[in-house]
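Reading through the structure tokens given below for one structure.
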Amino acid sequence: MTMPRPFSRRLFLGSAAAFTGLAGFAGFAAAPTAVAAGGWSGPVSANGWPILTRAGVFAIEGSNHTVALAEGDAATILVHVARRFHYEIDSLRDGDLTGFAPDRPVTQPYESNYLSGTAIAIRAVCYPLGARGGLYPWEETVVRDILAELGGAVSWGGDEQTPMESHFQLTHAPGHPVLQTAAQRIRSGQAALGAVDAFAPDRLEAAQKYRLHSPTG
């Protein structure tokens, strides 16, 4: 089933990125002042991942875009999220996607996860911090299907008390079985690689379980 894509009420804002620090990556992204510049104290981000000094750069299948992320399961999972957004909600445009962001100000604890390369923002200008209702209902249905497919490995910023609907993050610390299971499903081809019917009754039912999240280690 292919859902129609209505003209986005957000596209007129343009495709400029909220954060342009990722431009020009060539294999790795350096972050010598990650904690100081980000205003986050401590060696790990809110989800229990170590603050990075550099991150790998990964391609988003079906697009000409890349994103900087923590390597391993983190990249496998978050690249999958971006890929499904690209195929099922709207095509990624220049500047739409941000991952590891060493100089990002941290005003909400979950924003610290950009310092560890374990969060992505998709169209942060269009879906800014503190705003709700930016997604059409059918787009939110797809988002919740992605969360359900990954079994709680990822949470969505639209569910935060202070929302950020562009934000997706890992919910557990490194090595957690939930993350390992989700990453293995993606690598083995059990997770969706393109558009799927997120509106099938069984998928809709499953998605309702992930309206809230518990970002624990």
Side-chain angles (χ1 to χ4, degrees), residues 3-25 29 31 33-34 37-40 45-47 52 55 57-70 74-75 77-144 146-147 154-170 213:
M3 292 299 297
R5 291 182 178 177
F7 179 78
S8 172
R9 58 180 178 246
R10 300 162 304 274
L11 293 186
F12 78 96
L13 293 173
S15 60
F19 313 102
T20 57
L22 296 185
F25 279 136
T33 58
W40 179 257
S45 57
N47 60 1
L52 297 181
V57 177
F58 302 88
I60 307 303
E61 181 182 331
S63 77
N64 60 354
H65 300 285
T66 60
V67 64
L69 295 166
I77 293 167
L78 292 172
V79 164
H80 180 76
V81 172
R83 179 173 57 212
R84 283 200 60 184
F85 187 103
H86 174 72
Y87 278 121
E88 299 176 56
I89 295 179
D90 202 4
S91 299
L92 295 173
R93 296 166 176 80
D94 289 345
D96 274 354
L97 184 61
T98 301
F100 173 60
D103 297 325
R104 182 190 180 95
V106 177
T107 60
Q108 296 295 319
Y110 63 80
E111 292 181 283
S112 68
N113 298 326
Y114 293 95
L115 306 180
S116 61
T118 58
I120 58 172
I122 304 176
R123 295 185 180 159
V125 170
C126 299
Y127 315 121
L129 181 68
R132 291 191 191 276
L135 295 177
Y136 289 101
W138 73 267
E139 293 173 326
E140 184 174 335
T141 295
V142 175
V143 166
R144 297 203 181 283
I146 295 169
L147 304 184
V154 170
S155 65
W156 176 48
D159 288 332
E160 296 287 349
Q161 184 173 0
T162 300
M164 183 177 169
E165 293 181 339
S166 56
H167 174 85
F168 298 86
Q169 67 180 25
L170 298 188
H213 69 277

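Not measured: the values here are computed from a predicted model.
By the 4.5 Å heavy-atom criterion applied to side chains, Val67 and Val79 are counted as neighbours.
For the residue pair His86 and Ser91, the shortest heavy atom distance occurs at ND1-CA, 3.4 Å. Taking every heavy atom of both residues into account, Thr118 and Ala70 meet most closely at CG2-CB, 4.3 Å. In terms of heavy atoms, Trp40 sits closest to Ala46 at CZ2-N, 3.8 Å. In plain terms, the two heavy atoms of Leu78 and Phe168 that are nearest each other are CD2-O, 4.2 Å. What you find for Ile122 and Leu97 is that their closest heavy atoms are CG1-CD1, 3.8 Å. Nearest heavy-atom pair across Ser116 and Ser45 is OG-OG, 2.8 Å.
For the pair Arg83 (side chain) and Gly62 (backbone), a donor-acceptor distance under 3.5 Å is absent. Although no hydrogens or angles enter the test, the distance criterion places no donor-acceptor pair under 3.5 Å between the side chain of Gln169 and the main chain of Ser155. A distance-only check finds no donor-acceptor pair linking the side chain of Ser63 to the backbone of Leu92 [under 3.5 Å]. Although no hydrogens or angles enter the test, the distance criterion places no donor-acceptor pair under 3.5 Å between the side chain of Trp156 and the main chain of Leu147. In this structure, the side chain of Glu160 does not engage the main chain of Gly157 through any donor-acceptor pair within 3.5 Å. The backbone N or O of Leu170 sits less than 3.5 Å from a side-chain atom of Asn47, completing a donor-acceptor pair.
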Using the side-chain contact (heavy atoms from CB on, under 4.5 Å) rule, take Arg123 and Asp90 through it: C-alpha gap first, then chi angles, then the decisive distance, then the call. CA-CA 11 Å; Arg123 295 185 180 159; Asp90 202 4; 3.4 Å; yes
Could you walk me through whether Met164 and Gln108 pass the side-chain contact (heavy atoms from CB on, under 4.5 Å) check? CA-CA 10 Å; Met164 183 177 169; Gln108 296 295 319; over 6 Å; no
Could you walk me through whether Tyr136 and Glu139 pass the side-chain contact (heavy atoms from CB on, under 4.5 Å) test, one step at a time? CA-CA 5 Å; Tyr136 289 101; Glu139 293 173 326; 3.3 Å; yes
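With Ile120 as the fixed residue, the side chain to side chain contact (heavy atoms under 4.5 Å, CB included) test singles out one of Leu69, Thr98, Ile60, Asn113: Leu69.
Atom-to-atom distance recorded for Leu129:CG and Thr107:OG1 is 4.5 Å, nearest 0.5 angstrom. Summarising the geometry, atom CH2 belonging to Trp138 is positioned 9.0 Å from atom CD belonging to Glu88; distances are rounded to the nearest 0.5 Å.
Using a 4.0 Å cut-off between charged nitrogen and carboxylate oxygen, Asp159 and Arg144 count as a salt-bridge pair. Ion pairing of Arg104 with Glu111 is present here, as a side-chain N (NZ or NE/NH1/NH2) and a carboxylate O approach within less than 4.0 Å.
Ring centroids of Tyr114 and His167 are separated by less than 6.0 Å, placing the two rings close together.
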